[in-house]
Asks: 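Please find one structure pasted underneath; my questions will follow.
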Amino acid sequence: MERVQEVLAHWAWYGKEPGSLQEYGVLHCSGGAGKRHVFDGYIKTSAPGNPPAGGRGNPDRLPWITVNGLTSQGERWVAVSAMEPSEQLDGSGRLITPTRFFMVPYDQIAPWGATYLTLWRAVEAIVLPPAGNPTTVPVVNLPDDQASSLIGLGHIADSLRTPATGTQGVNRLTAAAHWAASVAAGLLSGEPVVITRASRLGPHERLTVLDAVAGFLPYGVRSDLAVGNCMDGMRRPRTRLAFGPPHTPHARKTGLGEPLIGHGLAREYGETLRRLIDSQGHEAVLRTLSGLREPLQLTDHARILGSLAHLDLVRHAVAAVDQNRGTPDLVAQALNSKRNGEPPSQGQEVLYRFAVQHVDDSPREPLRDHWHDPQTSHDVTVHVVEELLATPEDLAAHLDSGCSAGRQQLLWQFVTQCRKDDEVLRALIDRCQAGMVLEPTDHVVELLRTLGPEALRSGGPASHLVLREAPRLTQALLYAEAGDVTRLGAWLDYVRPWGQYAQPWLRAWMPLAAWDDQSGPLAPMHTTPDSPDDAVLVLAAAAKSGPGSAGRVSSVVRYLWKALLNAAKDERNRVSPPPQASRSLLGQILGRRSDRASDHPPEAGPPASAVPDLGQLLDEPQLWAECRARADVLRCLAGRPLTGPPSDARDSMRYRDEIADLYFDEYLRRDLHLFAEALAELVLRDEPRQPGGDLLLSVLGDAPVRRAREAVAARVASWEADHGHAEPEPEPRAEPEPEPQADPPATSVTWSPSPASSPATSLPPSTAADPRVPTFPLSPAEEWDRLDKAVGKRLRAFEIAQLWAPVAVSSRDHDALVRVGRWWEGADVRDRDALLHELEKALVVQGLCRPSVAREVVHEFRVWIVSEQASTPTGGGWHGKEVLGQEKKEFKERRGRFRALRRARWRSHFPWSPRSRSKHSRRRRRDDG
């Protein structure tokens, strides 16, 4: 036999007397006529509106039942009102629709867990007004035990549009629970919610659906929530949740069985409920929330969210970790409660950090599952990276001092087991590339050095490609390991500089990787790295390699000879480092900083030592014991004093032989006269000449470049004249004709073409003799002055380009672009169109940069011009519209040539008639025209 509960309820009878023309009002109520205005306000607070004319086919036929929570004089009540039909007519001949109203104390029905259905059944048969108009009437309430909510879920399941089992493998009741939870969460948004598409449900069935929705909120919310089984839909609903028509204004509408998408707090609550339903079942969630009987306001979001703490293991675990009460088992249970594909909960990152810190304990497997989940993979990676980069002091904060030693190795072992080494390495590289500061690079380098190449090799087969994509980090790592030759060799064996797709900056490390190779020296590297500083970094690494560093330096110098020559010329032209804020356009494209001290990454680990530049390396003669002559060549081009041949006869002979070998060096031929003149001056500096000086001068006199021979002869003649040793001038030797003329140095201050340039790109004789085109090194200030004077003259495009090229890759590139705009504005159309093309050609011919870099420099200039950033303050100079039009015209021409080549390619495979064209080709031809 079911237990019953009897409570006393206040009541009111709302309507009008038959035949009356008055408005509706309270006719009878508890407490007599003095309380009518009080009940009148209660009834109107949640009135559902005016019902339509009743009928057998009307789905919203009476009764219209409303249940709402009230607060009166500090006490909480639950009111049940029923608008019902009658056969009585008013004075206008309309049917009277009276309302029965009951109020019961919330504190008396809450312990029994009364639902909307049980409250209606308790008052459904009570006739009002009662005989004698008593103050209260007895109401018998039956216990429910979530039966009404489960019945309501069944009605919702029958209305679902999904099949019997959805795509996520849930049954119909679970899908119905998901819908009810989404509507319950939508109530937290503050807007009324109207349920539509429920015409087949009667009053009792609708109350069970309302119980199902309210069941996914704490039971105490019923003391404040107003619901109804029907409403007219003509105005904003007075209830927070009700069934109604789709045209109801100022409310959120959702069809029965159609999920309601929430936002903000409502979305978070709904996702938490959904996860709990999937992990623990909807009955457990309903049972837990039904036990929370303490009165709650619907606007008390914090307490409503907190009501899920006992069910939501994630929130419970987060709170425990925040209070330093977290355990690995608790965190593992919380992570296991989250299924794959679910969005992360608030505070879940705290659990990831704790699990990563205790990866050797129980959270290991749940963390692996979350790491492979696309929804949470990134968050886990972030915490793994932070833990890998943690300092010993940070590790000691949550670990014993004895456990922090091998922490990083243990965590990396877990990374490789999860096959996430590539992803973690890329995240570490992103940390380094996030800004220009070097601290992140130092930490990552120190981490990689701690792990070692063997640990990284145990990961994915292509993990070394990740380091190849990060030149700055890899160079810092290799330089930091250069002090240990074995360790450096292991790292180079890991990154594989000899690989087919290795970039030039990585191939530059080949001499150190092949140092123990007995197959012979490496052939010189013809493709130089993008920056000469990359070659200097390898040279510095060879210099710090300990015993045998002289042999490694010699091997690096011979392999990177071309790049080191360019680095020496840059060292000579760099009088003082420009400020860090001033970066040239060429430096931006090559990814280099103007500040010399920051061009190279420092050695990781305390204390961090700066990488020496080429000048500092040349000041250490013991490093160049096996390549003294080449060292003097670099000193000459770098503007530093030469050391000359050693005093030992055998070493001096080796020095002369090395000079004779340099005569056949293709990269030094253009600057051989400078070295010959400087070395002759060193030999002839004192009287008597240095030992072996005559033999050395004879070697210099046999230089294959006429300019070098003439320079040495002039220096010897000057010395003979100064010291009184003048002799009859010997007869000149027959010179082979024609003899190739040496080219001037390929520095940023010469305009002469390189040997690789074609005759069409060489300067005409008139220009070569022009004083505007110098054949000697100029300072940046002199280069700027020559360009400034030339823009005011009527020169041709190629002449302006020759003068503009060295300034275009300096720190004043933008100023030069604006200044050249003065010439461009007054030039004719042909020179205007040809100027930027001539500049690109001049950058390559003068050896200032490679063709690909030259194209990028000119393209950046076009961007500045088109965006009107290269005009003068008064609007003169470049016209962005004209430059854009010229670029568009050239693009169309290139596209036409490409299509012609493609048609020729197709016709080589298919014997088409040249005159046959498809309709598409004819249409395209008209469009191009």
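Residues take their numbers from the sequence shown, with the count starting at 1.
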Asks: Could you work out, with side chain to side chain donor-acceptor pair (under 3.5 Å) as the rule, every residue matching Trp491, not counting sequence neighbours?
Replies: Glu481

Asks: If you compare all heavy atoms of Leu512 against all heavy atoms of Ala542, which two are closest, and at what distance to 0.1 Å?
Replies: CD2-CB, 3.9 Å

Asks: Who are the side chain to side chain contact (heavy atoms under 4.5 Å, CB included) partners of Ala563, not counting sequence neighbours?
Replies: Thr528, Pro529, Ala535

Asks: With Asp785, which residues qualify under salt bridge (Lys or Arg N to Asp or Glu O under 4.0 Å), at least two apart?
Replies: none

Asks: Among residues at least two apart in sequence or on other chains, which ones pass salt bridge (Lys or Arg N to Asp or Glu O under 4.0 Å) with Arg819?
Replies: Asp788

Asks: Once salt bridge (Lys or Arg N to Asp or Glu O under 4.0 Å) is applied, do any residues pair with Arg628, and if so which ones, sequence neighbours excluded?
Replies: none

Asks: State which residues pass side chain to side chain contact (heavy atoms under 4.5 Å, CB included) with Ala717; sequence neighbours excluded, sorted by chain then number.
Replies: none

Asks: Would you please name every residue forming a side chain to side chain donor-acceptor pair (under 3.5 Å) with Tyr663, sequence neighbours left out?
Replies: none

Asks: Ala678: which residues meet the side chain to side chain contact (heavy atoms under 4.5 Å, CB included) condition with it, sequence neighbours left out?
Replies: Cys636, Leu642

Asks: Can you give me the closest heavy-atom contact between Gly644 and Leu679, atom names plus distance?
Replies: CA-CD1, 4.4 Å

Asks: Output all residues satisfying salt bridge (Lys or Arg N to Asp or Glu O under 4.0 Å) with Arg862, sequence neighbours left out; order by chain, then residue number.
Replies: Glu887

Asks: Who pairs with Gln503 by side chain to side chain contact (heavy atoms under 4.5 Å, CB included), at least two apart in sequence or on another chain?
Replies: Trp505

Asks: Can you list everything that forms a side chain to side chain donor-acceptor pair (under 3.5 Å) with Trp561? Sequence neighbours excluded, please.
Replies: Asp665

Asks: Who passes side chain to side chain donor-acceptor pair (under 3.5 Å) against Asp815, sequence neighbours left out?
Replies: none

